[in-house]
Colleague: 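Provided herewith is a single structure, encoded as C-alpha cells, for subsequent inquiry.
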Amino acid sequence: MRNPYEVLGISPSATNEEVKKAYRELAKKYHPDNYADSPVSDLAEEKMKEINEAYDEILRIRAGESNNSSFGYGTQGTYSADPVYAEIRVAINRGDFNTAESSLNKIEKEKRGAEWHFLKGCVLIQRGYHFDAVKHIDTACQMDPGNAEYQAMRENLRARSANYGNPNNTGTVGCNLCDICSCLVCMDCLCGRGCY
C-alpha cells in the first residue's frame, strides 16, 4: 500500500479535521456513482478503494493501533520520508529488533531527531525496557509535538503503565512508580530470587 498520507494528498502532520476534509473531497471526486456509464468507471472504483484504505489506515495510525506484536507497540502501517528510518521501521515490523537497533545506533548523535527517538522507544519496549522506552517516546513528543503517531504511542504506554500489574483496573490511575517498584521487590522475594 502506498503512503496513506500521499494518497489523500496531505502531510502526516495534518490535523484530524484536515484528514477528514481531504478524504471527503477525494471521495466526492472519485465516487463510482459519478462514473456509472463511463469507460473509466473501473478506474474510479479502484481509486475510491485506495482512498478508503488510506483513510482507514490513517485512522488506525492515529488511534495507536498496531497489529505487529503482542504488545501492540510498533510502526506497522506508518511511513517515513527518510529511507534509513523506513528500513528501520520495516525491521521493527518484521520483529528484527537487532537489525533495527544496530541501524539506529549507527546514526550520528547530532542527526538523531524525533523519529530516531520514537523508533528507539519502539525497539526498547519490545525488548522489555519500558522505562527507557518511555523516555525516548517522551523526547520524540517534545521534539515533534504535532506528530499524532508519537502522541498515540505515548498515550498507549501511559495507559499500559497505569494498568500494570492490575488486570481488574478499569482505567483509573492509582499506582505510581514507587508502588510498581515495591510490587516488583515483593515478587522477587516470593519467587526466591531477591531474598537469600
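Values below: every heavy atom of this structure, side chains too, minus hydrogens, waters and symmetry copies.
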Colleague: Should Tyr35 and Leu43 be regarded as members of a common hydrophobic cluster, given that ILVMFWY residues are connected when their side-chain heavy atoms come within less than 4.5 Å of each other, either directly or indirectly?
Modeller: yes
Colleague: Taking 4.0 angstrom as the limit, do Glu25 and Lys28 come out as a salt bridge?
Modeller: no
Colleague: To the nearest 0.5 Å, tell me how far Leu8 CG sits from Arg24 CZ.
Modeller: 12.5 Å
Colleague: Evaluate the criterion side-chain contact (heavy atoms from CB on, under 4.5 Å) for residue pair Asp132 and Lys135; output intermediate values, then yes/no.
Modeller: CA-CA 5 Å; Asp132 291 331; Lys135 287 192 328 190; 3.9 Å; yes
Colleague: Measure the spacing between OG1 of Thr15 and NZ of Lys21 and express it to the nearest 0.5 Å.
Modeller: 9.5 Å
Colleague: At their closest point, which heavy atom of Ser41 faces which heavy atom of Ala36, and how far apart are they?
Modeller: CB-O, 4.4 Å
Colleague: Step by step, work out the side-chain contact (heavy atoms from CB on, under 4.5 Å) result for His117 and Tyr150.
Modeller: CA-CA 10 Å; His117 285 282; Tyr150 304 167; over 6 Å; no
Colleague: Could you pull out the closest heavy-atom pair between Tyr85 and Ile107, with the gap in Å?
Modeller: CE2-CD1, 3.4 Å
Colleague: Let me see the working for Arg89 and Glu115 under side-chain contact (heavy atoms from CB on, under 4.5 Å), right down to the final yes or no.
Modeller: CA-CA 10 Å; Arg89 286 173 181 267; Glu115 189 168 16; 2.9 Å; yes
Colleague: Do Asp144 and Phe118 touch side chain to side chain, with heavy atoms closer than 4.5 Å?
Modeller: no
Colleague: Verify the neighbour count for atom CD of Glu155: are there more than 12 heavy atoms of other residues, nucleotides or ligands below 6.0 Å?
Modeller: yes
Colleague: side-chain contact (heavy atoms from CB on, under 4.5 Å) with Glu101: which residues, sequence neighbours excluded?
Modeller: Asn105, Lys120, Val123, Leu124, Arg127
Colleague: Would you call the rings of His136 and Trp116 parallel, tilted or perpendicular, where under 30° means parallel and over 60° means perpendicular?
Modeller: perpendicular
Colleague: For Val7 and Ile51, work out which heavy atoms get closest and say how close.
Modeller: CG1-CA, 4.1 Å
Colleague: Looking at Arg154, Gln151, Gln142, which hits side chain to side chain contact (heavy atoms under 4.5 Å, CB included) with Ile137?
Modeller: Arg154
Colleague: Do the side chains of Lys20 and Tyr55 get nearer than 4.5 Å, heavy atoms only?
Modeller: yes
Colleague: Applying side-chain contact (heavy atoms from CB on, under 4.5 Å), run through Asn98 and Ser102 and close with a yes or a no.
Modeller: CA-CA 6 Å; Asn98 289 335; Ser102 175; over 6 Å; no
Colleague: Under a 3.5 Å threshold, yes or no: a donor from one side chain and an acceptor from the other, between Tyr23 and Asn52?
Modeller: yes
Colleague: Can you tell me how far the SG atom of Cys141 sits from the CG atom of Asn147, to the nearest 0.5 Å?
Modeller: 7.5 Å
Colleague: Taking the side chain as everything from C-beta on, heavy atoms only, tell me whether Cys122 gets closer than 4.5 Å to Met153.
Modeller: yes
Colleague: May I have the step-by-step check of salt bridge (charged side-chain N to carboxylate O under 4.0 Å, His left out) for Lys49 and Glu46, ending in yes or no?
Modeller: CA-CA 5 Å; Lys49 181 180 174 189; Glu46 284 299 313; 5.2 Å; no
Colleague: Just by modelled atom types, is the Glu50 backbone N or O under 3.5 Å from a matching donor or acceptor in the Glu53 side chain?
Modeller: no
Colleague: Is there a side-chain contact between Arg158 and Asp138 in this structure, where contact means two heavy atoms from C-beta onward sitting under 4.5 Å apart?
Modeller: yes
Colleague: Answer with yes or no whether the hydrophobic clustering places Met143 together with Leu104; edges join I, L, V, M, F, W, Y residues whose side-chain heavy atoms lie under 4.5 Å apart.
Modeller: no
Colleague: Please report the shortest heavy-atom distance between Ala114 and Ala140, naming the atom on each side.
Modeller: O-CB, 3.3 Å
Colleague: Enter the distance from Ile92:CD1 to Ile125:CD1 here, rounded to the nearest 0.5 Å.
Modeller: 12.5 Å
